[in-house]
Participant: 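Right, I'll just put the structure down here and ask away after.
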2 protein chains.
Amino acid sequence: MRIGQLAQLVGVETQTIRFYEQQGLLPPPDRQDNGYRVYTKKHGEGLAFIRRCRILGLSLAEIHELQSYQDDPHQPCTAVNTLLDDHISHVRSQITALQALEKQLVSLRASCNDDREVEACGVLAGISEGNMHQQ
Amino acid sequence: MRIGQLAQLVGVETQTIRFYEQQGLLPPPDRQDNGYRVYTKKHGEGLAFIRRCRILGLSLAEIHELQSYQDDPHQPCTAVNTLLDDHISHVRSQITALQALEKQLVSLRASCNDDREVEACGVLAGISEGNMHQQ
DNA sequence: TTAAAACTATAAAGCTACTATAATGTCAAT
DNA sequence: ATTGACATTATAGTAGCTTTATAGTTTTAA
């Protein structure tokens, strides 16, 4: 199959496929006489793997790491689990940070209503004066 | 004051100050005969405002928008409040997405322990087969 | 048969918000 | 005179693509 079909199959843009190849995440496929890339089912699986990892929030570097484990199937999978554990704690700390931020924003928003002039806006005043009661 | 002092005062790097100037977020300061930038208290306040906005997660474009409101102090501050409301809902949807992601990751992690070979790793199998029970 | 539409190729720039590096110039102190 | 701390500009790098430009190929329609 050619790049456009693969792209449609997995739901990405063709440029994204070329980009992954360039980044070393997808093996370079064979070429037709005209230079067009020819993909196999294996490529499709590889690409789908990458996309699912991306949906899980893994970075390209982390995906690369997972692929290196796949290439050596008889080592223990501790490293895989550790990678995931690290990622989970990363996601958790992001959540915590965003929740703290939400609190700050909501309390800032409560310091104003819509019926004022910019000059007297509680939100702008709050930011300007640093009344963001941190943490 | 010169750029280094301003940087230390507000807690940013000198390059960041030049960057904000280049992006039109800080007004270009006067220069000494040798070309060095000379900053006033006003610049300090402007920079502090930018930094507090950044801590609140606002983009440079949003900060720019806020500045344009500040320049016209007698219009109603509805737009400011709307900007903040939009940002709050943005943050909330990020939190929601990350919480869903965390669930997915945790259940994926539960499908494996450390005592397997990569070949039998529940995590890798889960990603490969798309057992990520979405949503 | 030919011309347009659709697909492919490469290379390079753009996006965000900086950070880092390079090469150079200025100033105070030793 | 030279070292050190500071300043200047210009350029590239970061992540993960997306967009644009330019060009060649294949397929479809007139």
Side-chain angles (χ1 to χ4, degrees), chain A residues 1-26 28-40 43 46-67 83 86-87 90-91 94 97 101, chain B residues 1-26 28-40 43 46-67 86-87 90-91 94 97-98 101:
Chain A
M1 76 197 325
R2 297 193 315 200
I3 197 168
Q5 300 170 269
L6 177 60
Q8 196 170 18
L9 191 69
V10 182
V12 299
E13 307 246 358
T14 56
Q15 304 101 305
T16 305
I17 296 175
R18 293 192 198 98
F19 173 73
Y20 288 151
E21 178 184 336
Q22 187 200 316
Q23 299 297 304
L25 291 169
L26 268 182
D30 287 342
R31 301 285 185 127
Q32 290 177 353
D33 291 348
N34 56 16
Y36 287 13
R37 291 171 176 81
V38 186
Y39 291 100
T40 66
H43 287 101
L47 181 54
F49 180 84
I50 295 171
R51 286 273 89 194
R52 292 196 204 98
C53 287
R54 294 291 299 132
I55 287 168
L56 294 174
L58 298 175
S59 69
L60 300 191
E62 287 167 328
I63 296 171
H64 207 82
E65 199 179 327
L66 288 182
Q67 289 177 335
L83 191 155
D86 289 351
H87 187 56
H90 179 230
V91 168
Q94 278 190 112
L101 178 58
Chain B
M1 77 198 323
R2 296 191 315 199
I3 198 168
Q5 299 169 269
L6 177 61
Q8 195 169 19
L9 191 68
V10 182
V12 299
E13 308 245 358
T14 56
Q15 304 103 304
T16 304
I17 296 174
R18 294 194 196 97
F19 173 74
Y20 288 152
E21 179 185 335
Q22 186 201 318
Q23 299 298 302
L25 292 169
L26 269 181
D30 288 342
R31 302 284 187 129
Q32 291 177 352
D33 292 348
N34 56 16
Y36 288 13
R37 291 170 176 80
V38 186
Y39 291 100
T40 65
H43 287 101
L47 181 56
F49 180 84
I50 295 170
R51 286 274 89 197
R52 290 196 205 100
C53 287
R54 294 291 300 130
I55 289 168
L56 294 174
L58 298 174
S59 68
L60 299 192
E62 288 168 326
I63 296 171
H64 207 80
E65 200 179 325
L66 287 182
Q67 289 177 334
D86 289 350
H87 187 56
H90 180 231
V91 168
Q94 279 191 111
L98 285 172
L101 178 58

Participant: Consider the side chain of Arg2(A), meaning its heavy atoms from C-beta on, and name the nucleotide among dC17(D), dT9(D), dC7(C) that approaches it most closely.
Facilitator: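 Of all the options, the side chain of Arg2(A) is nearest to dC7(C).
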
Participant: Identify, between Gln15(A) and Asn34(A), the residue whose nearest nucleotide on DNA chain D lies closer to the 5' end.
Facilitator: Gln15(A)

Participant: Which whole-number value in Å describes the distance from Met1(B) CE to dA7(D) P?
Facilitator: 11 Å

Participant: What is the separation between atom CZ on Phe19(B) and atom P on dA12(D), rounded to the nearest whole Å?
Facilitator: 17 Å

Participant: Using modelled atom types and a 3.5 Å cut-off, is there a donor and acceptor pairing between side-chain atoms of Arg2(A) and backbone atoms of Leu6(A)?
Facilitator: no

Participant: Counting only side-chain heavy atoms from C-beta out, which of dT10(C), dT19(C), dC17(D) sits nearest to Arg31(A)?
Facilitator: dT10(C)

Participant: Between Tyr36(A) and Thr16(A), which has a closest nucleotide on DNA chain D that is more 5'?
Facilitator: Thr16(A)

Participant: Take Ala61(B) and Gly35(A), find for each the nucleotide of DNA chain C with the closest heavy atom, and name the residue whose nucleotide sits nearer the 5' end.
Facilitator: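 It is Gly35(A), whose closest nucleotide lies nearer the 5' terminus.
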
Participant: Can Arg51(A) and Tyr20(A) be said to form a side-chain hydrogen bond (donor to acceptor under 3.5 Å, both in side chains), step by step?
Facilitator: CA-CA 10 Å; Arg51(A) 286 273 89 194; Tyr20(A) 288 151; 2.8 Å; yes

Participant: Closest approach of Val91(A) and Leu101(B), non-hydrogen atoms and distance?
Facilitator: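 It is CG2-CD2, 4.1 Å.
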
Participant: Please confirm whether the shortest side-chain N or O distance from Tyr20(A) to OP1 or OP2 of dC17(D) is below 4.0 Å.
Facilitator: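 Yes.
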
Participant: Could you tell me the separation between the CZ atom of Arg51(A) and the P atom of dG16(D), rounded to a whole number of Å?
Facilitator: 11 Å

Participant: Between Arg37(B) and dA7(D), does any side-chain N or O lie under 4.0 Å from OP1 or OP2?
Facilitator: no

Participant: To the nearest 0.5 Å, tell me how far Tyr39(A) OH sits from Ile17(A) CD1.
Facilitator: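 Interatomic distance, Tyr39(A) OH to Ile17(A) CD1, rounded to 0.5 Å: 5.5 Å.
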
Participant: Take atom CD1 of Ile63(A) and atom C1' of dC17(D), then tell me their distance rounded to the nearest Å.
Facilitator: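 So the CD1-C1' distance, Ile63(A) to dC17(D), works out to 12 Å.
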
Participant: Just how far, in rounded Å, is P of dG24(D) from CD of Gln32(A)?
Facilitator: 18 Å

Participant: Find the distance Asp33(A):CG to dG24(D):C1' and express it as a whole number of Å.
Facilitator: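 Going from Asp33(A) (CG) to dG24(D) (C1'), I get 15 Å.
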
Participant: Of the options dC6(D), dT18(D), dT26(D), whose atoms approach the side-chain atoms of Glu13(A) most closely?
Facilitator: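 Between dC6(D), dT18(D), dT26(D), the one nearest the side chain of Glu13(A) would be dT18(D).
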
Participant: dC18(C) C1' sits how many Å from Arg54(B) CZ, rounded?
Facilitator: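 That distance rounds to 9 Å.
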
Participant: Please determine whether side chain to side chain contact (heavy atoms under 4.5 Å, CB included) holds for the pair Arg37(A) and Gln32(A), giving the CA-CA distance in whole Å, both sets of side-chain angles, and the decisive distance to 0.1 Å.
Facilitator: CA-CA 6 Å; Arg37(A) 291 171 176 81; Gln32(A) 290 177 353; over 6 Å; no

Participant: Nearest-Å distance, CZ (Arg18(B)) to P (dC6(D))?
Facilitator: 13 Å

